[in-house]
Amino acid sequence: MLLKRLLAGRPAGAALIVLTSAVEMASFPLGRPAYLTLQGSSGAVALAVSAGLAVCAGHMWFTPVRAARSGWAAIALGVLSYPLANLGGFLVGMLLALLGGALAVAWRTAPSCAGRQ
């Protein structure tokens, strides 16, 4: 019952997929932090993109009315991650970002029941 109330009215699936994308993209640069300096700008950009995706997921969760904006941002970050961040997390992170962003863009709030009788 609590979980149903917590998930109601939120694009939970989209936020979870985008957050998974962020974790997947950050896992390679942070797998061996000692090698982060050897990775150069690619590692730093991968961490920045994954942080941006995590922010998008949080924005989807906490402000579901504006989930479409976060979805478009997640799609843009997913596309940018391909050339900038280890081939978009070896394609898995990029595809998850695109899928989660598309789900957020397509998500709409339920119509209000106040006008119905």
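Keep in mind that the numbers below use all heavy atoms, side chains included, and drop hydrogens, waters and symmetry copies.
When every heavy atom of A97 is checked against every heavy atom of G78, the shortest pair comes out as CB-CA, 3.8 Å. Heavy atoms only, all atoms of each residue included: V105 and I75 are closest at CG2-CD1, 4.3 Å. Between A104 and G71, the shortest heavy-atom contact is CB-CA, 3.7 Å. Heavy-atom minimum distance, M94 versus S81: CB-OG, 3.8 Å. Listed here is the closest heavy atom pair of A54 and A22: N-CB, 3.8 Å. Across V49 and L77, no two heavy atoms sit closer than the pair CG1-O, 3.9 Å.
At least one donor-acceptor pair closer than 3.5 Å links the side chain of R10 to the backbone N or O of W61. A donor-acceptor contact shorter than 3.5 Å is absent between the side chain of S42 and the backbone of A85.
The distance from atom CZ of F28 to atom CG of L87, rounded to the nearest 0.5 Å, is 10.0 Å. With rounding to the nearest 0.5 angstrom, the CG atom of L19 is 10.5 Å from the OG atom of S50. Note that CG of L95 is 13.5 Å distant from CZ of F90, once rounded to the nearest 0.5 Å. In this structure, CG in L16 is found 4.5 Å from OG1 in T20, a value given to the nearest 0.5 Å.
Put simply, L80 and V45 are part of the same group of oily side chains (I, L, V, M, F, W, Y) that touch within less than 4.5 Å, one to the next. Both L53 and L84 sit in one connected hydrophobic cluster of ILVMFWY residues. Membership requires side-chain heavy atoms under 4.5 Å apart, directly or through other members. Residue L98 is grouped with residue Y82 when hydrophobic side chains (ILVMFWY) are merged at heavy-atom distances under 4.5 angstrom, including chains of intermediate members.
Contact annotation: the side chain of L96 approaches that of V92 to within less than 4.5 Å [non-hydrogen atoms, C-beta and beyond]. L47 is listed as a side-chain neighbour of L30, based on a closest heavy-atom distance under 4.5 Å.
For S70, the side-chain hydrogen bond (donor to acceptor under 3.5 Å, both in side chains) test picks out H59, with sequence neighbours left out.
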